[in-house]
Amino acid sequence: MTTTSSRARSAKADSVLVKAVEEARAAAVDVGSEDAVGASLGHDAEGERVVTHYFACELAGYVGWRWAVTVTRASRSKAVTVSECVLLPGADAVLAPAWVPWEERVKPEDLGPGDLLPVADDDYRLEPGYATADDQDVLEVIQELGLGREWVLSREGRDDAAQRWYEGDTGPHTDIAKAAPGRCGSCGFSVLLTGTLGHAYGVCTNERTPFDGKVVAHTHGCGGHSDVRLPAPSEDAAEPVVDTLSYELVPLELDAP
C-alpha cells in the first residue's frame, strides 16, 4: 500500500503554452489596442495545459493594472486556444473604494429636510401591529378604536435599540455616569418609556444637562440628579471682627485756597 500525500501538487507549466507569448499578446491587442498593451510580465500555470500570460497595461487611468490572457490546448494538440482576456489590478493598482450598501453608508446627520429614509419590506426591526384588513371600512374602525399602528417594533428591533443605548453616551460606562452622585432610574427628571423598554430606559427632561431630550439608561447618571441640593445656609451669624491693634494711614485732602 502507498500513502497519498495530502499536499496539493502545484500545476506544471505546459511548455507549448509558455512559449505562446505572441499569441497571448495578439489577443490582448485585439481586445484593447496596440498602444494599450505593454511588455510581458511573466506567466502563471493555472492547471493542466492552462497558462495565463500577463502584459503591462499602458491605458491612461489604469496605473498598476495588467492584461491577463489565459491560453490552453487540447491533449496531444499543438494548437493554442485563447480562453479569456481581461484586465486585472496588480499590487500597485489604483482601485476604487470598496462598495458599501447605502443602509450602512448613510449616517443620522445625513438626513435633512425633505429627505426620505425608506424602510425595506423585510426589515427585521419591524413587525405588523395588527392583522391586515382589505376592507377599507374595517381599517377605519381599527384606526378609530386605536387598536394600534400598522407597524411596531419587533423584539429584535427593541433589543438592537436597547443595546445601542446601553453602549452609547447615555449608558453606565461613561466617565460622567461613573462619577455621578445618583442614577437616572431614581432621578425625578427622568420620564419612563412605555412598554418593555421602560424597564431599563427613560427620557431626561433636565434642560441644564447635556442629556435633555435623550433616552438615558436607568443605570446612567450625571451631576444634574434631582437629589443634588445646595447646602443650607447656617443660622448662626459670625461675630463681627473689630481690629483695635493695627492702623492705616489715610491721606487728607486739603481744600484748595
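Heavy-atom basis, side chains included; hydrogens, waters and symmetry copies ignored.
Taking SG of Cys204 as the start and CZ of Phe211 as the end, the distance is 8.0 Å to the nearest 0.5 Å. A distance of 8.5 Å separates CG in Leu153 from CZ in Arg125, rounded to the nearest 0.5 Å. If you take CZ on Arg66 and OH on Tyr54, they are separated by 5.0 Å, rounding to the nearest 0.5 Å. Rounded to the nearest 0.5 Å, atoms OG1 (Thr209) and NZ (Lys214) are 9.0 Å apart.
Judged by distance alone, with hydrogens and angles left aside, the side-chain atoms of Asp110 form a donor-acceptor pair with the main-chain N or O of Lys107 at under 3.5 Å. Judged by distance alone, with hydrogens and angles left aside, the side-chain atoms of Ser190 form no donor-acceptor pair with the main-chain N or O of Cys187 at under 3.5 Å. Checking side-chain atoms of Asp115 against main-chain N and O of Gly112 turns up a donor-acceptor pair under 3.5 Å. Here the side chain of Trp67 pairs a donor or acceptor atom with the backbone of Ala36 at under 3.5 angstrom. Although no hydrogens or angles enter the test, the distance criterion places a donor-acceptor pair under 3.5 Å between the side chain of His220 and the main chain of Gly171. A donor-acceptor pair under 3.5 Å is formed between the side chain of Arg105 and the backbone N or O of Val100. Judged purely by atom type and a 3.5 angstrom limit, Arg183 has no side-chain atom pairing as donor or acceptor with the backbone of Ala180. Proximity of a side-chain donor or acceptor of Thr72 to a complementary backbone N or O of Arg49 within less than 3.5 Å is detected. Remark: side-chain polar atoms of Arg208 are not paired, donor with acceptor, to backbone N or O of Gly224 under 3.5 angstrom.
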* Asked: Cys184 and Thr219: side-chain contact (heavy atoms from CB on, under 4.5 Å), yes or no, with the steps?
  -> CA-CA 6 Å; Cys184 295; Thr219 51; over 6 Å; no

* Asked: How far apart are the C-alpha atoms of Phe55 and Val69, what are their side-chain angles, what is the distance that settles it, and do they pass the side-chain contact (heavy atoms from CB on, under 4.5 Å) test?
  -> CA-CA 8 Å; Phe55 302 91; Val69 183; 4.3 Å; yes

* Yes or no on side-chain contact (heavy atoms from CB on, under 4.5 Å) for Asp44 and Val51, after CA distance, side-chain angles and deciding distance? -> CA-CA 6 Å; Asp44 283 333; Val51 172; over 6 Å; no

* Asked: side-chain contact (heavy atoms from CB on, under 4.5 Å) between Glu58 and Val37: does it pass, once the steps are laid out?
  -> CA-CA 6 Å; Glu58 303 296 340; Val37 183; over 6 Å; no

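Two residues are said to be in side-chain contact when any heavy atoms from C-beta on lie closer than 4.5 Å; Ser186 and His225 meet this criterion. At a threshold of 4.5 Å between non-hydrogen side-chain atoms, the residues Ser154 and Leu126 do not count as touching. A 4.5 Å side-chain heavy-atom check between Asp212 and Asn206 finds every atom pair outside the cut-off. Inter-residue side-chain proximity for Leu193 and Val203 is flagged as met; some heavy-atom pair is nearer than 4.5 Å. Counting heavy atoms from C-beta outward, Val16 and Val80 have side chains that approach closer than 4.5 Å. Looking at heavy atoms from C-beta onward, Leu87 lies in side-chain contact with Tyr62 at the 4.5 angstrom threshold.
No side-chain donor-acceptor contact under 3.5 Å links Thr70 and His53.
Closest approach of Ala93 to Gly64, counting heavy atoms only: CB-O, 3.6 Å. Summarising the geometry of Cys85 relative to Ala27, their closest heavy-atom pair is SG-O, 4.1 Å, with the distance given to 0.1 Å. Scanning all heavy atoms of the two residues, the minimum distance from Ser77 to Ala79 falls at OG-N, 3.2 Å. The minimum heavy-atom distance linking Tyr124 with Glu156 is given by the pair CD1-CB, 3.6 Å. Closest approach of Gly188 and Ser226 over heavy atoms only: N-OG, 2.8 Å. Pairing each heavy atom of Ala162 with each of Leu197, the nearest pair is CB-CD2, 4.1 Å.
The only option from Val18, Leu17, Thr81, Thr52 that meets the side-chain contact (heavy atoms from CB on, under 4.5 Å) definition with Val71 turns out to be Leu17.
Val106 is not connected to Val119 by any chain of hydrophobic side-chain contacts under 4.5 Å among Ile, Leu, Val, Met, Phe, Trp and Tyr, and they are in different clusters.
Residue pairs meeting the side-chain hydrogen bond (donor to acceptor under 3.5 Å, both in side chains) criterion with at least one partner in residues 164-179, sequence neighbours excluded, are Gln163-Glu167. Identified under the salt bridge (charged side-chain N to carboxylate O under 4.0 Å, His left out) test for residues 72-99, with sequence neighbours left out: Asp14-Arg73.
Taking the ring pair (Phe, Tyr, Trp, His ring centres under 6.0 Å) definition, one finds that Phe189 meets it with nothing, sequence neighbours left out.
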